[in-house]
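One structure is given here, and the rest of the page talks about it.
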Amino acid sequence: MSEIILALPVFLPILSGVAMLLHGWGKEEWSRKRELFIEGLVVANSLLVAGAIAGGADGERRLVLFRLYSELTIMFKLDRMGSVFAGLVAFLWPLATLYAFEYMEHEERKNTFFAFYTITYGITLGIALAGNLVTLYLFYEMLTLVTLPLVLFPLTTEAVRAGRSYLYYSIGGAAFAFVGLVFVLGFSATGTTEFVAGGMLDLVRAGEKKNILLFAYVLAFFGFGVKAALFPCYRWLPKAAVAPTPVTALLHAVAVVKSGAFAILRLTYFSFGSEFVKGTWAQGVVMTAALVTIAFGSTMAVKEVHWKRRLAYSTVSNLSYILFGATLMTPLGLAAALSHLVSHAFMKICAFFCAGAVMHQTGKTYIYQLDGLGKKMPVTFGCLLVSSLSLMGIPLFAGFISKWNLAQAAFDSGDPLALTGVAVILYSALMTGIYMMTVIVRAYFPSLAKKAGGTAAAAGLSRNGAGTAGAATAHKAVGEAAGAATAHGAAADPTWKMTAPLVIFAAVILLIGFHSAPLMRLLTMIGGEAG
Amino acid sequence: MSFVQNFPFFSIIIAMFSGIVSSVLDGKKARNLSLVMIAVTTALSAGTLAFCLGTGESYTFMMGHFPAPWGNEIRAGVLEGVTAVFFGVIMFLAVIGGLEHTAEDVEEKKLNLFYIMIDLMLSSLLALVYTNDLFTAYVFVEINTIAGCGLIMIRQKGRSMSAAIRYMIMSQLGSGLFLIGLSILYDVTGHLLMSPAKESVEMLVAEGSYRLPLLVIMAVIGVGLAIKSGLYPFHYWIPDTYGYATPTASAVLSGLVSKGYIFLLIKIFYRVLGYENLVSSQMANVLYVFGIVGMVMGSLHAIHETDTRRMTAYSSVAQIGYIYMGIGLGTSYGMVAAVFHIFTHSATKALLFISAVGLYEVSGDKKDYVSLRGAGYRNPLAGIGFTVGSLSMVGFPMLSGFISKLLFATSALESPHKMLPTLIVLAVSTTLNAVYFLRLVITLYSRRRPEDAPIPETVPRKSWHLRLAILCFIGVNLVLGLASQPIVQAITDGLAMFG
């Protein structure tokens, strides 16, 4: 019966969320009770995940739930790679929920929001624990559906548009991923789609139709890549920044987008097999796509002046770091991809939560409005500093470790395209420095920003395609910046519910930066198995 | 001969006679008779299916006293049994779900006429499923057309009259072509019963004589029935017909009528013309091309449509395209997928039409996007029903549409030249389906804007019939999605018996 622990953490949040929707715990006076209930539930669920991982993550334990059709079973299996993602999600969720309580305190329809937020937890774990490609696909589609109400949550026209485009992109992506699924099923050595480290294809039969299979791989890569915001299917992500910050931070920087990256890792290393794709034209196509996205995302982030959208573009770029690692098709590449998956999760959720804290406390959403806030909200901007430095890849921070691993894996693979990739990563690091540090500089040194801002902001903004409108806002920005110091005089750090998660995330970033050996040992082991 | 073997014949006759009896009954009694009749014939079909599954083989049943090679025959096997039961269930739920609206849309004096049409429709559908000779097939094709026409125009509102005329013309064109095909076939083979006709066709093919006439027969029968089932580009009658009829009629026409013709077509391909001849004569490829073009074009039309009822109707064009694509794949797997999709589409499209009714009710009977904003909150069950139906059309796992998609995709792997086009068009078509169906679902759950026109107060029609029908349709969809294996097995066996 120890297998049942694999299904519990998936279904407990889903069923509780559905119960919350049906029960309609909407009354305001129950707000506190509801918060206690949800936080208790989420923490308990994370403990379940921890228990499951502690019980052994060698992929021995499997749980077949039911049969969709002949060989297509819905099955959970806990292997090392799944446990990395599950553990990451389980660590972040309780903290993000805590943050969401305060962030959402003035909103209506909190019950609906938290119900879907909790359901999403279960679905994301379903992706992490999926034992075969069909289960992964099922939860991948469900993830689209349950996060849609969260994107739609503000119910403004903008939110509805964002929701639509999120839906079209995701379902369309899944439709192409389905093609890959069918080919994997058709050419699988075992006749099932159960994940096998190193790939499950019957190489003799697959070898005869190699080009068609590679084409299917590319289709599926781009299909799953939609959720990982791969160029040219990235557009939904910046638009989705309209959702409440707990959603953008946890879902659109971690759960949803990392599910896309995770699905690609599963597809590459556990279904088609890296040996099958390595050195073919397909590898070239997907790696080029990842590199283009890295460069494109970080460039767009520099141009963007809306803070959350800038972070969203930064996510676009950073997700493709993971995909770049994945497309190296080597054990080191897989390990590096996973290390960036972990460290980017902490860095980006921390950055988003800082942006959310500022929005919550002062209502400011554009970067030029931030002048001088650094001293008023020391904890928030302290954490943002840590996260920014880490994203840039400064040594002693988590981001350095994962970027170093990526570069090392790229050199190690000896692929000329991968060497170009190192240059792209360097360029992107420079851009990251620009787009993250401008925020920090504005927040801490408003006088400096004002001096430079008069010329630089106007020039920078009018270039960004918004034309005259951009220039107009730029001038307004400069004007506003002058009065900024008095304008947000009352701004202060939020309460512990928001700052505690921030501080914890910053601490984790430093911890990984200083002492990454245990994590890397685990990841290298995964790479060694599946690469 | 066991008594059960009479059941197919009984069910056709019972359906027909209740139509005749209904002509002297008043509306309410005709309705009750109709419901009882559908239940009884479905039970009889279930008996036939159980019998065929038990013996593991099919049988033919002679009507009248003319032994082969003359006379009229019906044939029952596993596939016929499954299809008949399924058609009965869908028909029953569609009639139940639209009860109130039928009573509202149809003049009281003419209500019994509506149920006569329903009775005749079921009778002719069963006959098309069971028939073993081409003449019976033709007769019931005509009865089906007339009943369909009656169902459309009995709601004498809006464009239903012109829709009925359009339907009549297109249908007659189809029947005419079908009849020409039969005449040439009779001319060439001298038979109208399926089994002897097939023997002659096989002989002719072996000899290599009459090649052109055989090709013409395939083309004319194929096109005739394709027109009647609404394959792109012969689909112009569909949006008006499904869009302006009363809900029960829409559900029946889109869910069953076109499927009856497709079933007949498959039967003729297998039992008269020979499926391998169809493949070798390139006719299968022609159907395949029409199918995949229809899959994309139907969806594109649906995206442009602002009237949600017509949008759902255009989606039928795309779905019919799926079925013909499966037939055209030229493998037995493809055929299994096509037959399974007949079931999927019947169950799903009927669910969509019926639950859309519940949404229109709470939106002042308007059918455009703006009026439907927020309708999912005003009638939760109908909202859920429409969402489930949409997700099934998009191929969400655990619903019937996913199994269809999976069967199509896996069968495409068997035919090397059609593998990639099929899979890519499937993916594109899924995306397009998502665009129009899920756009509507989002609309159903978004908030009304202040500038939206207020919803006119309508008499609340809290009908348990509609709810029951929606719940049952959702159930049928889940059964097809989660327990599809026995059904697919039955289809495979049934098609093998056809051969």
Side-chain angles (χ1 to χ4, degrees), chain A residues 22 66-72 74 109 112 134-142 144-145 148-149 151-152 154-157 159-183 185-187 208-209 211-213 215-216 219-220 222-223 226, chain B residues 303 340 373-374 377 380 387 390-391 393-400 402-414 416 419-420 422-443 445-449 480-489:
Chain A
L22 293 178
F66 60 91
R67 218 165 258 279
L68 262 188
Y69 178 76
S70 79
E71 294 306 327
L72 301 185
I74 298 302
R109 295 180 296 124
T112 320
V134 179
T135 315
L136 183 73
Y137 178 79
L138 167 72
F139 281 100
Y140 187 84
E141 291 259 47
M142 280 165 82
T144 311
L145 291 185
L148 178 66
V151 178
L152 289 174
L155 281 184
T156 53
T157 315
V160 170
R161 280 209 194 106
R164 262 190 219 157
S165 98
Y166 171 53
L167 194 64
Y168 298 164
Y169 274 108
S170 282
I171 299 268
F176 281 95
F178 179 77
V179 176
L181 167 75
V182 169
F183 272 97
L185 180 67
F187 289 86
E208 293 164 11
K209 299 213 163 125
N211 274 326
I212 293 179
L213 271 165
F215 185 66
L219 282 186
F222 278 92
V226 167
Chain B
I303 289 175
F340 189 82
R373 220 172 261 158
Y377 299 114
T387 310
S390 304
L391 290 177
M393 288 275 104
V394 174
F396 189 78
M398 299 200 290
L399 295 173
S400 54
F402 176 75
I403 303 292
S404 281
K405 222 170 84 171
L406 185 76
L407 290 174
F408 279 125
T410 41
S411 58
L413 289 190
E414 305 290 325
M419 174 158 60
L420 275 181
T422 310
L423 287 169
I424 289 174
V425 171
L426 263 181
V428 169
S429 164
T430 306
T431 316
L432 294 176
N433 283 349
V435 169
Y436 58 91
F437 271 125
L438 297 182
R439 180 175 62 188
L440 182 53
V441 170
I442 291 184
T443 309
Y445 289 101
S446 53
R447 196 185 271 166
R448 289 177 62 75
R449 306 211 182 112
L480 285 177
L482 289 173
S484 54
Q485 194 124 46
I487 301 169
V488 175
Q489 191 56 47

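Quick caveat, the model's predicted, so the values are computed rather than measured. A, B, ... follow the sequence lines: proteins, then strands. Residue 1 opens every chain.
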Heavy-atom proximity to chain B below 4.5 Å, by part of A/L138: both

Reported CD1-to-CG distance for the pair A/I171 and B/L391, which is rounded to 0.5 angstrom: 7.0 Å

Inter-residue atom distance A/L72.CG - B/I403.CD1, 0.5 Å rounding: 7.0 Å

Which of B/T443, B/L438, B/T430 touches chain A most, by non-hydrogen pairs under 4.5 Å: B/L438

Point-to-point distance, once rounded to the nearest 0.5 Å, from CE of B/M419 to NZ of A/K209: 4.5 Å

Atom pair CG/CG of B/L406 and A/L185 - distance to nearest 0.5 Å: 6.5 Å

Interface residue of largest heavy-atom contact number with chain B, from A/F183, A/F178, A/F176, under 4.5 Å: A/F178

Value rounded to 0.5 Å, distance of CG in A/N211 from CG in B/L420: 10.5 Å

Chain A contact via B/L407 - side chain, backbone, both or neither, heavy atoms under 4.5 Å: side chain

Portion of B/V488 that has a non-hydrogen atom of chain A nearer than 4.5 angstrom: side chain

Interchain contact, A/I74 with chain B, by part (heavy-atom threshold 4.5 Å): neither

Side chain / backbone / both / neither for A/Y169 at chain B, heavy atoms under 4.5 Å: neither

Spatial distance of atom CG (B/L413) from atom CD1 (A/I212) [nearest 0.5 Å]: 9.5 Å

Side chain proximity check, B/L426 to A/V179, heavy atoms < 4.5 angstrom: no

Where A/Y168 and B/V435 come nearest, the two heavy atoms and their spacing: OH-O, 3.3 Å

